[in-house]
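Source: prediction; values computed, not measured. Chain naming here is simple, since letters A, B, ... match the order of the sequence lines and numbering starts at 1 in each. All heavy atoms count here, side chains included; hydrogens, waters and symmetry mates do not.
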Amino acid sequence: MSKKKIIIAAIILIVSIVLALATAIYRSQKAFRCDYDGTRIIPIYEVDIMLKEGKFMRFCSIYCARAWFQGNASRVDAVLVTDEITGEKLDADIAFFVESDVVTVKATQNRIHVFKDKTHALSHARQYNGKLVDNPFKLANARIQRYPQ
Amino acid sequence: MILNAYTIVMLFIAILTGTLAIPLGVLSFRMYQRWGKTLYDDERTAIENRSYLLLHMATVMLFVKLLSWPIFYATLQSYVPNIQGVMCIFGITQLHPYLSSIVQIFKPVVFFSICGWLLLNRLDRGTETAPLFKRKFLFLSVVSILAFVDSAGDLIYFTTFNIKAFVACCTTFFDIPERATAMLPISILGEGYERYMLPLYYLSNILLIAFMGISYPRLTPHALRLTIIGVVLALLNAVITTFAIFEVVAPKIMNLPYHHCIYCMWQYVPDTTFMSALFVIGTFSPGWALLLNLMGKHKETAVTLKEYLRNLYFLCIVAIGTSLVMVTIHLLFKG
């Protein structure tokens, strides 16, 4: 085998490794930490909570967000969850929640999944022994309490 | 029609190559026919002289045509922000579902044929009496027809987009439980097929690389069986890898465990386009080796052909191996 061929192959390999490493590291550094337990947030399971005072909190899973929410509901202005299929952020009030056998974040053992479409939620429930559950962030109730008519 | 820089480049390539492909196809077929007759020396020289211009034109035109495959996907990607409700290239393809399927299937065929012809032409140019002249021009006329059809397809495809049409998002196709890429593995491996897909993907790719490595020193123009086995293994590996990428690799790389769209993977993790290109080249290399072995065999080409076959097997090892390394890096350093 000629030296020239080996050099070309080595260049292709090195360029590819650098490219893949750079992309992977860039993507991993973009990840944020959970405001409840400090776990690195996987974007697809992220829950964002907007506070009335204008602050913004990020959580790694429904579990952490709910744990924080229970003690601070009155401070919350909006809860945004992430559709597990597309990664799209949506208001928790219009999302579908499924509790299934699949764990999303190992650190919290969270088993509640979020979907934008009901068909995806039901399909996930059927595939992974799950069931539809209520929105864990009862913000609508909290708002009624805050602004009684 | 959506007009941007990509569309202009795409249409320019389609018009240029489509227009050149017609005379190229006709002239190369005539050249093939005339070379078959008994010729006087001066007639033979005249044909050879004319063939130089034709071959130059063919080489330039086909090199430009090669670019149209990656530019095709870049153009579709550039349309994503323009169509409401579209997440990735898949949504764009749904504006013309049948035509886009045909174009997308046709492009790799054209790419394979063009590269095959360019290699055959290069092999023939290295000889003194051009023993592959006739075969080369017959093949060129076929490649010209393919290039013409591809260019016509591009022209129709990119000028007839109905941008107001309602299109479905990729999740309605790639993420339903009844999707094609899940049904076949389920029927073969059972419900827990995802567990086996990744080991199978690695095994299949490593086996192909090992076969190429072992065959490398034994590869001669007479070892036709080795090149046939190489093609069979490459095809088998392509099928396994395609299923594995849709079902396991893309969701893991994107960090979207239920999303099986390869177009989204290219969009969210851009270097995977390079990884996919390497995989395609690695898969085509044994095919080009077989093509050269079938069409390029002659006393005069024996030594060069052996070198070409070995180079193609080496290219397969490098390309498949590198794409495997890139997948591994992404799986190890998930974002």
Best-contacting candidate, B/Asn311, B/Val327, B/Leu315, B/Thr328, against chain A by heavy atom pairs under 4.5 angstrom: B/Asn311

Could you tell me the separation between the [atom1] atom of [X] and the [atom2] atom of [Y], rounded to the nearest 0.5 Å?
X	Y	atom1	atom2	result
A/Thr23	B/Phe274	OG1	CZ	11.0 Å
A/Leu21	B/Met326	CG	CE	9.5 Å
A/Ile44	B/Met254	CD1	CE	9.0 Å
A/Lys5	B/Arg310	NZ	CZ	8.0 Å
B/Phe314	A/Ile6	CZ	CD1	6.0 Å
B/Thr322	A/Ile17	OG1	CD1	7.5 Å

Does [atom1] in [X] sit with more than 12 non-hydrogen atoms of other residues, nucleotides or ligands closer than 6.0 Å?
X	atom1	value
B/Phe90	CZ	yes
B/Tyr268	OH	yes
B/Arg179	CZ	yes

- request: Identify the heavy atoms of B/Asp271 and A/Ala20 that sit nearest to each other, and give their distance.
  value: OD2-CA, 3.3 Å

task: Could you look at B/Ile317 and say if it's the side chain, the backbone, both or neither that has a heavy atom under 4.5 Å from chain A?
output: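 When you check distances to chain A, no heavy atom of B/Ile317 falls under 4.5 Å.
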
message: With heavy-atom distances below 4.5 Å as the criterion, would you say the side chains of B/Val325 and A/Ser16 are in contact?
response: no

